[in-house]
Amino acid sequence: MARKLYPIGLQTFERIRVEDKFYIDKTEYVYRMAHTDGTCFFLSRPRRFGKSLLLTTMKSYFEGKKELFKGLAIEKLEKDWISYPVLHFDMSMGKHMEIAQLERYFDQQLAEQEQKWGITNPAVDANVRLISLIQTAYRETGKQVVILIDEYDAPLLDVVHEDEKLEELRNAMRNFYSPLKGCEKLLRFVFLTGITKFSQLSIFSELNNITNISMDEPYAGICGITEDELVNGMRDDIEALAEKLNLSYEQTLAKLKDNYDGYHFTWPSPDVYNPFSLLTCFAKQKIDSYWFGSGTPTYLINMMRNFNFLPANLGESMEAGKDDFDAATETMTTIMPLLYQSGYITIKDYDEETELYTLAIPNKEIRVGLYRSLLPHYLTSKTAMCNTTIAKMSVLIKQRKIDEALQLLKSFWETVPYCNNTHYEGHYQQTMYIIFALLTNFRIIVEQHTSKGRIDITMETDDTIYVMELKFGKTAQEALEQIESKHYADAFAMSGKEIIKVGMSFNIKEDHRVRLEIIRNLDDKKSVQATMMWLARFFLLYSFYIHPTATLLLISVSHRSTSPPSARKSAVNHRIKVLQITDFFLSYSHGLCSIKI
């Protein structure tokens, strides 16, 4: 039997059901919300996560269209199927607007509803028109009104970083939404969706009864595709993809999890997959970056600049209290709320004792997309060449050709022009971190803390750990010596993996090109050192053969005051010669243990 078509790009529940397209049943959540305490609800989820589809599902449900829900969970739960008047407002197209444009957009949204309810002589102000709509719908049907507002925050997202514009648009929206409080007795249900959480004082100044269900455990899986829904409801889709990729079912599921899973909007929570990416992957029969490619997060990049948030700050994970990330974006003091609410970081764990959440990038798709978006801000015109370099480096590192990979990196930097605003170590450190973070087949940690200090970059493969130190205006040898002197490698002594230390140094050449110097220790360092130590011992034995008396005195009696003065002097002189030559061997062994790339 042919599979159902995926509703990629479709957000209307009625159309999906009428055309018999693939649908993940979320109707139990709809019933639960419609029959719980409260009237007004808000849900925050990242873009393309199914919020609009959820809203149109509610629209069909409250309009009493029972036939659309045949075979779904709500069919058995709902007994009455009462039809209510529904006012549905879609703010998703109200982006990139000045105040006059936004007011015209409100006018268009209201006019559509007024035409439906026969209002031919509307008032001028948006809030008065909304009041009239609610009163008319209530009067005409004799039933309380349902109001559904999709992407309520869309007009504000692109001006979050512009205080003056934000305030202006926010005032217009506050005016538009103000009737929701005064008309409370006429309302059966109010539901708003959005990406970010704006404070009630800023937009819903009088509406203090909104229930935010965004982090409520009963609604953890209301949007997106949970792992249970994937495994139990889409096994045929996984098997078809596995056949196309020439992988086993288990291997394919692991790849899907690595690329599209990892979202948690509360704790505990089921694993939630990105629905847009997952369905697009099944449709195209190819694992690729789909969600990030469907929209450029300009506002996010701008806010990262405003908060001086560096790529390295993303790190492996970060800890925070709920109020630090589930916060109103216009009053935020860090970028964490915007990163979380937009879907670029998510909840990974929760500690009940400290009440702290662990947050991190959810999956490979987001990691790659986010760092690729940041790269042009550090490399300007060389982004495409850098992406090519990264892809080739990844293959070489997999093949254990680290010298060739580092040489490729060095050659790339030779093409990067110097700019005055890049004359500091941090710029190159952040750029290198982005480059290594895009080597997604390996575990990358930046500024990892040890008992002796912080390691600039650590890269871990299946069998090797690379410890890297970066310098600007110094030598790569100095960077390597810092790794040695601070014993950075000791942190990985119990890993069972080979440790390779890499020193890097950036300098600006006379032709204003960036010069990257790289030096690393040899893979077979231990054998080289053992050889040099053997030579040192051999020389000591040889000295015994040439001058046995002096050597014996050196070993056993040179420190005794009872020995004859002439014997002690001879032993001391011989000892100096032996130690000088021994030190030469040991020093030479250190040189042999490193290689300049």
Side-chain angles (χ1 to χ4, degrees), residues 161 292 296-298 300-318 334-336 338-339 344-345 359-361 366-390 393-394 405-406 408-410 412-440 442-449 453-460 466-474 476 478-479 482-483 488 502-508 512-518:
H161 59 290
F292 212 97
T296 303
T298 306
L300 179 68
I301 302 300
N302 289 331
M303 290 301 289
M304 289 180 74
R305 279 206 212 98
N306 281 8
F307 282 99
N308 196 28
F309 188 84
L310 301 174
N313 296 142
L314 289 169
E316 285 292 292
S317 62
M318 56 192 87
T334 73
I335 199 174
M336 191 178 290
L338 191 58
L339 286 171
Y344 297 102
I345 60 175
L359 305 170
I361 293 176
I366 302 303
R367 181 177 294 276
V368 172
L370 189 53
Y371 285 120
R372 280 185 178 166
S373 292
L374 292 171
L375 196 57
H377 298 278
Y378 287 85
L379 285 176
T380 59
S381 62
K382 294 296 179 179
T383 303
M385 184 183 293
C386 184
N387 287 329
T388 302
T389 300
I390 291 167
M393 282 179 64
S394 182
L406 293 175
L408 199 62
L409 179 63
K410 182 179 178 181
F412 163 74
W413 275 105
E414 292 284 340
T415 71
V416 177
Y418 164 72
C419 298
N420 289 332
N421 64 350
T422 63
H423 197 80
Y424 63 100
E425 183 175 342
H427 173 84
Y428 295 96
Q429 184 184 35
Q430 295 302 318
T431 308
M432 290 290 275
Y433 176 61
I434 293 174
I435 290 172
F436 278 94
L438 287 170
L439 294 167
T440 55
F442 318 110
R443 183 169 181 251
I444 308 295
I445 306 174
V446 66
E447 293 190 344
Q448 182 174 5
H449 289 266
R454 292 185 300 180
I455 306 171
D456 281 343
I457 297 175
T458 305
M459 179 174 69
E460 185 173 357
Y466 298 89
V467 180
M468 306 179 197
E469 181 67 25
L470 276 63
K471 295 294 181 186
F472 182 77
K474 297 183 180 180
E478 288 177 278
Q482 180 172 321
I483 297 175
Y488 287 156
V502 182
M504 301 185 190
S505 175
F506 287 96
N507 287 281
I508 309 303
H512 295 287
R513 291 285 175 180
V514 179
R515 180 174 181 268
L516 174 62
E517 180 189 9
I518 305 176

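- With sequence neighbours excluded, the residues satisfying ring-ring contact (aromatic ring centres under 6.0 Å, His included) with Phe506 are Trp413, Tyr428.
- Considering Leu470, Val502, Val467, Val446 in turn, Leu470 is the only one that fulfils the side-chain contact (heavy atoms from CB on, under 4.5 Å) rule with Asp456.
- Minimum interatomic distance between Glu414 and Leu516 (heavy atoms only, all atoms of both residues): OE2-N, 4.5 Å.
- Remark: the backbone N or O of Ala384 is not paired with any side-chain donor or acceptor of Asn387 at under 3.5 angstrom.
- Distance check, rounded to the nearest 0.5 Å: CG of Leu438 to CD1 of Ile390 gives 4.5 Å.
- Nearest heavy atoms, Ala479 versus Gly503: CB-CA, 3.7 Å.
- A pairwise comparison of heavy atoms in Pro311 and Tyr371 identifies O-OH, 3.5 Å as the closest pair.
- For the pair Glu469 (side chain) and Ile483 (backbone), a donor-acceptor distance under 3.5 Å is absent.
- Counting non-hydrogen atoms of neighbouring residues, nucleotides and ligands closer than 6.0 angstrom, the NZ atom of Lys474 reaches no more than 12 such neighbours.
- The minimum heavy-atom distance linking Ile457 with Phe436 is given by the pair CD1-CD1, 4.1 Å.
- Every residue meeting the salt bridge (Lys or Arg N to Asp or Glu O under 4.0 Å) condition with Glu460, not counting sequence neighbours, appears here in chain and number order: Arg443, Lys497.
- With sequence neighbours excluded, the residues that form a side-chain hydrogen bond (donor to acceptor under 3.5 Å, both in side chains) with Gln448 are Thr458.
- Residues satisfying the side-chain hydrogen bond (donor to acceptor under 3.5 Å, both in side chains) criterion with Ser394, sequence neighbours excluded, are Asn441.
- By the side-chain hydrogen bond (donor to acceptor under 3.5 Å, both in side chains) test, Asn507 pairs with Ser505, sequence neighbours left out.
- Every salt bridge (Lys or Arg N to Asp or Glu O under 4.0 Å) that Arg454 has, sequence neighbours left out, goes to Glu447.
- Across Arg367 and Ile361, no two heavy atoms sit closer than the pair N-CG2, 3.7 Å.
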